[in-house]
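What follows is a single structure, written as structure tokens, with notes after it.
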Amino acid sequence: MSVLEIKDLHVSVETDQGTKQILHGVNLTINEGEIHAIMGPNGSGKSTLAYTIAGHPKYTVDSGSILLDGEEVTTMTVDQRARAGLFLAMQYPVEIPGVTVTNFLRTAKTAIDGSAPPIRTWIKDVRESMKQLRMDKSFAERNVNEGFSGGEKKRNEILQLELLKPKFAVLDETDSGLDVDALKIVSEGVNRAKENTGLGLLLITHYTRILRYIKPDFVHVFVDGRIAEQGGPELADRLEDEGYDRFLTESNVG
């Protein structure tokens, strides 16, 4: 069984005012097949954690470790992390002019698996996933995210998730900017990917609405670069009622 372990992770970033530490000792273990939701106010370090796992060069790991099945991830390049089974669905997916969705997907799949997928079954899989995500088949020949609406970009992220089949996926505020219909379609895609592959999920969000469709096993409250509290799905309901004020007050007092 695969496991992603984050141990006493301290991360900093360079700003105009100098080096600023954002993560202050994060500990988190995600087992294969588990869904963990990280919730917290703006500026609490949630996205920093996501990008650090993925290997964004902007963030420096000062101490601590990220282990995937016992292998140290922090020394891996971004592409090595992808091949090892890590996936990041970005909050703001980027446009890639001149690269079609179909070419991007096939190239990525080939790089991750080490060999090109059989063309006939691959085309069938792509079409089936696009159909389930309510994506028009013309999207396959469009440039990646170019001219896509916010909802279309998020669907394209989940299309990649379904087809690339990672061991662990980090979804960084995938629900932001989605209307109810798009949120349901995206959530169905995430649930389908988990059902088909047993992947582990780290779901980063401000709001509980996506958790109505993607049911978490564990909820972690992120404040000031660390986990302030953790519990089951009922913790998300409590946050919906009470907000983050209690944690922010405790953080300021501390």
Original post:
Counting only N and O atoms by type, is there a donor-acceptor contact under 3.5 Å from the side chain of Asn31 to the main-chain atoms of Val3?
Top reply: no
Original post:
Would one find more than 12 heavy atoms of other residues, nucleotides or ligands at under 6.0 Å from atom CD of Glu234?
Top reply: yes
Original post:
How long is the span from the OG1 atom in Thr100 to the CG atom in Asn143, to the nearest 0.5 Å?
Top reply: 7.0 Å
Subject >> Electrostatic pair Asp69-Lys167, nearest N-O below 4.0 angstrom >> reply: yes
Subject >> Verdict with reasoning, Glu173 to Thr205, per side-chain hydrogen bond (donor to acceptor under 3.5 Å, both in side chains) >> reply: CA-CA 5 Å; Glu173 299 196 26; Thr205 183; over 6 Å; no
Original post:
Is Lys46 reaching over with its side chain to a backbone N or O of Ile38, donor-acceptor style, under 3.5 angstrom?
Top reply: no
Original post:
Heavy-atom distance under 4.5 Å between the side chains of Asn156 and Val101, does that happen here?
Top reply: yes
Subject >> Side-chain donor/acceptor of Ser44 to backbone N/O of Pro41, under 3.5 Å >> reply: yes
Subject >> Within-4.5 Å side-chain heavy-atom neighbours: Leu133 and Arg192 >> reply: yes
**OP:** Would you give the length of the straight line joining atom OG of Ser129 to atom CG of Asn196, rounded to the nearest 0.5 angstrom?
**Re:** 8.5 Å
Original post:
Roughly how far, to the nearest 0.5 Å, is CG of Leu28 from CD1 of Ile66?
Top reply: 10.5 Å
Original post:
What is the minimum heavy-atom distance between Val78 and Ala54, and which atoms define it?
Top reply: CG2-O, 3.7 Å
Subject >> Check: Ile210 and Ser187 side chains under 4.5 Å, non-hydrogen atoms >> reply: yes
Original post:
Does the side-chain hydrogen bond (donor to acceptor under 3.5 Å, both in side chains) test come out yes or no for Asn42 and His206, once each step is laid out?
Top reply: CA-CA 8 Å; Asn42 277 327; His206 279 303; 2.7 Å; yes
Original post:
Any ion pair linking Lys194 and Glu162 (charged N to carboxylate O, less than 4.0 Å)?
Top reply: no
Original post:
Is there a side-chain contact between Gln230 and Val221, using heavy atoms and a 4.5 Å cut-off?
Top reply: no
**OP:** Test side-chain hydrogen bond (donor to acceptor under 3.5 Å, both in side chains) on Ser115 and Asp113 and set out the steps.
**Re:** CA-CA 6 Å; Ser115 60; Asp113 289 358; over 6 Å; no
Original post:
Would you say His220 and Phe218 make side-chain contact, with heavy atoms under 4.5 Å?
Top reply: yes
Subject >> Side chain to side chain, Ser176 and Gln91, heavy atoms closer than 4.5 Å >> reply: yes
**OP:** Mind telling me whether His56 and Tyr51 have parallel, tilted or perpendicular rings, with 30° and 60° as the class edges?
**Re:** perpendicular
Original post:
Any donor-acceptor pair under 3.5 Å linking the side chain of Glu157 with the backbone of Met90?
Top reply: yes
Original post:
Is the shortest heavy-atom distance from the side chain of Val26 to the side chain of Phe222 under 4.5 Å?
Top reply: yes
**OP:** Please determine if Arg209 forms a cation-pi arrangement with Tyr207, meaning its NZ or CZ atom is less than 6.0 Å from the six-membered ring centre and no more than 45° off the ring axis.
**Re:** no
Subject >> Short side-chain to backbone donor-acceptor contact, Lys215 and Arg212, under 3.5 Å >> reply: yes
Subject >> Spatial distance of atom CD (Gln132) from atom CD1 (Ile158) [nearest 0.5 Å] >> reply: 13.0 Å
Original post:
Do any N or O atoms from the side chain of Asp172 and from the backbone of Ala89 form a donor-acceptor pair under 3.5 angstrom?
Top reply: no
Original post:
Got a second to check how far Leu171's CG is from Lys154's NZ, nearest 0.5 Å?
Top reply: 10.0 Å
**OP:** Using a strict 4.0 Å threshold on nitrogen-to-oxygen distance, state whether Glu71 and Arg81 make a salt bridge.
**Re:** no
Subject >> Atom pair CG (Leu201) and CG (Leu199), whose distance is rounded to the nearest 0.5 Å >> reply: 4.5 Å
Subject >> Evaluation steps, side-chain hydrogen bond (donor to acceptor under 3.5 Å, both in side chains), between Glu14 and Thr19 >> reply: CA-CA 5 Å; Glu14 292 299 323; Thr19 304; 2.6 Å; yes
Original post:
Tell me, do Leu68 and Phe168 make a side-chain contact under 4.5 Å, heavy atoms counted?
Top reply: yes
Subject >> Side-chain (Tyr244) to main-chain (Gly40) donor-acceptor, under 3.5 angstrom >> reply: yes
Original post:
So, His24 versus His10, ring centres under 6.0 angstrom or not?
Top reply: no
Subject >> Pairing of Lys153 and Glu146 as salt bridge, 4.0 angstrom limit >> reply: no
